[in-house]
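Along the sequence shown, residues are numbered consecutively beginning with 1. What you see is a predicted model, and the numbers here were worked out from it, not measured in a lab. Only heavy atoms go into these numbers, but all of them, side chains included; no hydrogens, no water, no symmetry mates.
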Amino acid sequence: MNIIIKPALFILLLLFTCGNLLSQNFTKVTGDPVVSDNRYSEGSSWGDINNDHFLDIFVPDAQSGITNLLFINNGNGTFTQVTTGPVVTDVSASSGGSFGDYNNDGYLDLFVQNYYGNNNHLYLNIGNGSFTKVTTGSIVNSGGYSFNSSVADYDNDGNLDVFVDNGAFTSGGENNFLYKGNGDGSFIRVTSGHIVNDGEKSLSSGWCDYDNDGDIDLFVANGDPFNYTGINNFLYRNNGNGTFTRITTGAIVNDLGASVGVSWGDYDNDGDFDLFVANWGGENSFLYQNNGDGTFTRIITGVVVNDGGHTVAGAWGDCDNDGDLDLFVANDFDQNNCFYLNNGNGTFTKITSGQFVNDGGRSNGATWADYNNDGYLDLFVPNGANPSQSNFLYRNNASSGNNWVNIKCIGTVSNTSAVGTKLKTKAFINSQPVWQLRQVCGQTGFNAQNSYNVEYGFGNAAVVDSLVIIWTSGTIDVYTNVSINKFYLATEGQGLSEIVLPVNGKGVNLPVKIELCQNYPNPFNPSTKIKFNLPKTGMVKLVVYDILGREIKRLLNNIVLSAGGHTVLFSDQNLESGIYFYRLEVDDGEENALTKKMVYIE
């Protein structure tokens, strides 16, 4: 049956769609130190530096001779400015930074890139949210006019590598840097290949497995904004052996522009990553739709690519939790920023009302992050003005009522930060099966690092039917019937556990001692859930044994978990009918070990 929608009805439907977003609302945060800095901020980076499951934020200052900023999330919707330690006392001209666990010890370290030929900085987290500065090695002694950095495990060896964009605003450009990580906090500088010898004015970069072949590729945005000179961008396809091939055909690398920001995201939910490239100087930005065969089609219709402006960055995020990615665009020169609501059919509607698109500002690397743990993405917008301009933080009021899942991934064979890990989900939204694809990214936009948590929206779906996690090591973990509106910890090859977190600073009722619950269902086939409760943060091991005491599967292997309730899914179709035992150990103490019995039936 063909349904004809009359123009008047179409307008009403469109207004209704926009009204849904407007009813959701964002509240601009004021008075907090995180928005009272009065600095020249080029970027922002979110990271949980003290492993308390609340996201902290690093904000650089691009002015020469000024210190950078670091704010600790207090867990009640406010932040405290850090005033001691090398991260916030080093004097430099920093445009951004990249969090990552560079020594695979379970704590986020920080790389900071600097301009004016200054050496870049590397700070290693010593385990409590404090940092020590690295002073040896090429990664902190190469100089350079560095304006952006991005991290990835490009050779899939389990160690994070760092790419640095150089040459912005110089007369002749400069080669970019690539540092191969050794996994212990040290790096080897790569000197061969196009990727480090193309000598251009590079402003940002973004890693993404755009061809879905299991290794991560790199797009580099080049531009000469103030001279209004168009430059082609770079796309490097990973050959899978530690080398790259520069792509020279296709519009994606032949569209001259003053490109600044790079943002990958599967906005059309077709299972591959598309690309938004922010252009400055009044140019229209680029949107490239992935064709699924390693090529792209440039989109030339629609408001996203016909809005002009001094655009610096784009940030993808499902801010209304309806199951598709929306796009926030940060604009320079006191132009209002832009927000484009995904209509779910490959098109967008521009939202023009609301404070967060009418605040002006010299905005740069905007980032999405659920900083108050309510399941909805909030927005941070750094501003750069001379002499000063405060940054913006907009709290999502979560009034759409849509469902969500938030997943933190921890690599075991893969890098511990899980950068490059791809996640696919299937859920029935409005009674239709919807697949969504995400990737844990080290940078997106321009000097912008969202949290390493993967935040999904699922509309009115009652459950996540399928969750597929594809780790950079090649390991694939599959989970079914995942409950909604929960935080999860996904550990490579070891299971999916629920994390009970405080929300908006409100405490949860914690047990007074370690509790191990009976698995459910019991008996089971082929899967069962094991729940346990912790009175405080601890290092947890959860192992399944057969009746003879032989280890069957290690579900958690010395993973640090927060206080509260956790649930781990155990599934094994190769079991024989019989009795099995599951044992919980906390902090390697026999006094903190509990064991229960469960039954498998064929």
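With hydrogens and angles disregarded, no donor-acceptor distance shorter than 3.5 Å links the side chain of Asp153 to the backbone of Leu160. Side-chain atoms of Gln81 never come within 3.5 Å of backbone atoms of Pro33 as a donor-acceptor pair (strictly under, hydrogens ignored). Checked by atom type and distance alone, the side chain of Gln335 pairs as donor or acceptor with a backbone atom of His310 at under 3.5 Å. The backbone N or O of Asp215 sits less than 3.5 Å from a side-chain atom of Asp213, completing a donor-acceptor pair. Between the side chain of Asn450 and the backbone N or O of Trp368, at least one donor-acceptor pair lies under 3.5 Å. Judged purely by atom type and a 3.5 angstrom limit, Asp32 has no side-chain atom pairing as donor or acceptor with the backbone of Thr78. Listed for the Asn118 side chain is no donor-acceptor partner under 3.5 Å among the backbone atoms of Asn114. Looking only at distances, a side-chain donor or acceptor of Asn396 sits under 3.5 Å from a matching main-chain atom of Leu377.
Residues in residues 159-183 take part in these ring pair (Phe, Tyr, Trp, His ring centres under 6.0 Å) pairs, two or more places apart or across chains: Phe147-Phe169, Phe169-Phe226, Phe177-Tyr179. Residue pairs meeting the salt bridge (charged side-chain N to carboxylate O under 4.0 Å, His left out) criterion with at least one member in residues 275-290, sequence neighbours excluded, do not occur.
Residues Val260 and Asn279 fail the side-chain proximity criterion, which asks for heavy atoms closer than 4.5 Å. Counting heavy atoms from C-beta on, the side chains of Lys28 and Leu393 never come closer than 4.5 Å. When side chains are defined from C-beta on, Ile57 counts as touching Ser44, because their heavy atoms get closer than 4.5 Å. Contact check for Cys319 versus Phe339: side-chain heavy atoms found under the 4.5 Å cut-off. Using a 4.5 Å cut-off on side-chain heavy atoms (C-beta onward), Asp48 and Phe54 make no contact. Here the side chains of Val164 and Asn148 are not in contact, with every heavy-atom distance at 4.5 Å or above. Using a 4.5 Å cut-off on side-chain heavy atoms (C-beta onward), Asp161 and Phe187 make no contact. Proximity of Asn447 to Gln113: side-chain heavy atoms (C-beta onward) are separated by under 4.5 Å at one or more points.
Taking the ring pair (Phe, Tyr, Trp, His ring centres under 6.0 Å) definition, one finds that Phe380 meets it with nothing, sequence neighbours left out. Among residues two or more places apart in sequence or in another chain, the side chain to side chain contact (heavy atoms under 4.5 Å, CB included) test is passed with Asn227 by Asp224, Thr229. Asn337 meets the side chain to side chain donor-acceptor pair (under 3.5 Å) test with Ser363; sequence neighbours excluded. Taking Trp316 as the reference, nothing meets the side chain to side chain donor-acceptor pair (under 3.5 Å) condition, with sequence neighbours excluded. Residues satisfying the side chain to side chain donor-acceptor pair (under 3.5 Å) test with Thr416, not counting sequence neighbours, are Asp101, Asn104. With sequence neighbours excluded, no residue forms a ring pair (Phe, Tyr, Trp, His ring centres under 6.0 Å) with Tyr452. Applying the ring pair (Phe, Tyr, Trp, His ring centres under 6.0 Å) criterion to Tyr340, with sequence neighbours excluded, gives no partner residue. Taking the side chain to side chain contact (heavy atoms under 4.5 Å, CB included) definition, one finds that Asp90 meets it with Pro86, His121, Tyr123, Lys133, sequence neighbours left out. Residues passing the ring pair (Phe, Tyr, Trp, His ring centres under 6.0 Å) test with Phe99: none are found, sequence neighbours excluded. Residues passing the side chain to side chain contact (heavy atoms under 4.5 Å, CB included) test with Thr89, sequence neighbours excluded: none.
Distance CG/Asp155 to OG1/Thr243: 11.0 Å, rounded to 0.5 Å.
Here Trp280 and Phe446 keep their ring centres 6.0 angstrom or further from each other. Between Phe26 and Phe356, the distance from one ring center to the other falls under 6.0 angstrom. With ring centers used as reference points, Phe219 lies 6.0 Å or more from Tyr236. Annotation: Tyr154 is in aromatic contact with Phe244 [ring centroid separation under 6.0 Å].
Note on ring orientation: taking the six-membered ring where Trp is involved, the planes of Tyr115 and Tyr145 are perpendicular (angle over 60°, cut-offs 30° and 60°).
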